[in-house]
Amino acid sequence: MEKLMIAGGYPLKGTVRISGAKNSAVALIPATILAESPVTIEGLPDISDVQILKDLLEEIGGTVEFSENDMTVDPSSMISMPLPNGKVKKLRASYYLMGAMLGRFKKAVIGLPGGCHLGPRPIDQHIKGFEALGARVTNEQGAIYLRADELRGARIYLDVVSVGATINIMLAAVRAKGRTIIENAAKEPEIIDVATLLTNMGAKIKGAGTDVIRIDGVDQLHGCQHTIIPDRIEAGTYMIVGAAAGEGVLIDNVIPHHLESLIAKLREMGVQVETNDDQVFVGPAEKMKAVDIKTLVYPGFPTDLQQPLTSLLTGAEGTSMVTDTIYSARFKHIDELRRMNANIKVEGRSAIINGPIQLQGAKVKASDLRAGAALVIAGLMAEGVTEVTGLEHIDRGYSHLVEKLNGLGATIWREEMSKEEMEQMKNV
Ligand code: EPU
């Protein structure tokens, strides 16, 4: 097992290229199940979530070729193999196998998904959608059993705006009989990306990216080629890196429109941010000012950038308040930031940050993916060396993080953990 070592305080400069979007990739790959002939997805990120989904498609009989960042899936020999345990438990997005397998085979058995622990993460809205389409859904010993004689289009109002439920219902509905209408749908760019792939496969979808999506079911879907959108959360993370430790960082392969809420907040803090068609330049701030943030569904401020931004706010003058309205317990990084000398307290769904504080290097643990990003940013800002464990979380979502940061002039490396350190980790 490895840990990440970061020597803080080095000024960062240069260009970093953003990879394909993790939260699109984890839906696009299961979506290939719905086709009858090979589908190619170009520009996938090199992350462990993608690797696990590739293995799962092979487990159900798919033929998958994956080289560099492009994956071709031949789904023609797939069968609805039950996947109650094993790799499905490793990532939250394995729930997309439910919608895709139900859509193609009218049956599926999928273990309840894992993923980052951010407080309660129910899937009741996904199930409500599947049932409305005519599926019988039962939970037996930690696995979800789905079965339908036939899927029929329905009008589904989501009680909670959910990215996962919106995509999952689209996956199940594209081959259902008749029209499905999803009301109060989520509007994230990843939903448009999945709808684009499905449309290229022959599906009939209108309104993706708005809160009403209309799907007219078709009998069959065919193969196609699709290029994934850039990862707005990875891009946002590097924008924050640029603000935290940069002397001019250019983020390349990004859709700036996807990041308007972060751009506005960084500017409000006094950070210089310039954009063009597919790049964002982040310059240094003379002095950063405290700001308040409330996470909201897209196009509001993304919950996935709340943790990285909290690290940056430790360096801002004044008191900032970060409120997460999406996840009640996405604050596990705060104790670790405190170990690094941050002055932060958590009250209910808010973190209150007093700054500016000079962070100090320390031994810290990433409890989830974006907590990991937050600790890396803190390590870059800190005096001395920071050791980050829990790398398996970071590897789930950040492609070539060490190489990309070193490319900007950071001093960061992976190191094998000693036996004693591994023992200590187990006892925590
Ligand atoms: N919710 C329900 N019932 C449901 C579904 C969701 O109550 O059936 C609640 C959740 O508990 C949460 C809110 O609705 O409070 C929003 O959840 P959503 O379903 O939108 O989240 P998700 O689809 O499970 C995706 C991303 C997350 C990201 C959220 C919010 C993927 C694989 N994950 O999760 O990404 O935080 O949307 O934008 O797309 C990450 O990348 O680090 C990450 C956690």
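In listed order, ligands and their atoms are each counted from 1. Please read all numbers here as calculations on a predicted model, not as lab measurements.
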Exercise. Output yes when the distance from some N or O of ligand 1 to some N or O of Tyr327 is under 3.5 Å, and no in every other case.
Key: yes
Quiz item: What residues, two or more places apart in sequence or in another chain, satisfy side-chain hydrogen bond (donor to acceptor under 3.5 Å, both in side chains) together with Asp46?
Solution: His400
Exercise. Verify the distance criterion only: is there a donor paired with an acceptor across the side chains of Gln225 and Thr40 at less than 3.5 Å?
Key: no
Quiz prompt | Arg330 and ligand 1 - part of the residue with a heavy-atom distance under 4.0 Å | solution = side chain
Exercise. With heavy atoms under 4.0 Å as the rule, classify the contact between Glu190 and ligand 1 as side chain, backbone, both or neither.
Key: neither
Quiz item: Mind checking whether Val163 has an N or O less than 3.5 Å away from an N or O of ligand 1?
Solution: yes
Quiz item: When only distance counts, is Thr303 in polar contact with ligand 1, meaning an N/O pair under 3.5 Å?
Solution: no
Quiz item: Do side-chain atoms of Asp211 reach the backbone of Asn184 as a donor and acceptor pair under 3.5 angstrom?
Solution: no
Quiz item: When you check the gap from the basic side-chain N to the acidic O, do Lys54 and Glu58 get nearer than 4.0 Å?
Solution: yes
Quiz item: Quick one: does Val26 get an N or O within less than 3.5 Å of an N or O on ligand 1?
Solution: no
Quiz item: Between His126 and Phe130, what is the ring plane arrangement, given parallel below 30°, perpendicular above 60°, and tilted in between?
Solution: perpendicular
Practice problem: Report yes if some N/O of Ile326 lies less than 3.5 Å from some N/O of ligand 1; otherwise report no. | Solution: yes
Quiz item: Checking Glu188 side chain against Tyr298 main chain: does a donor-acceptor pair fall under 3.5 Å?
Solution: yes
Practice problem: Return a yes/no value for Ser162: is any of its N or O atoms, backbone included, closer than 3.5 angstrom to an N or O of ligand 1? | Solution: yes
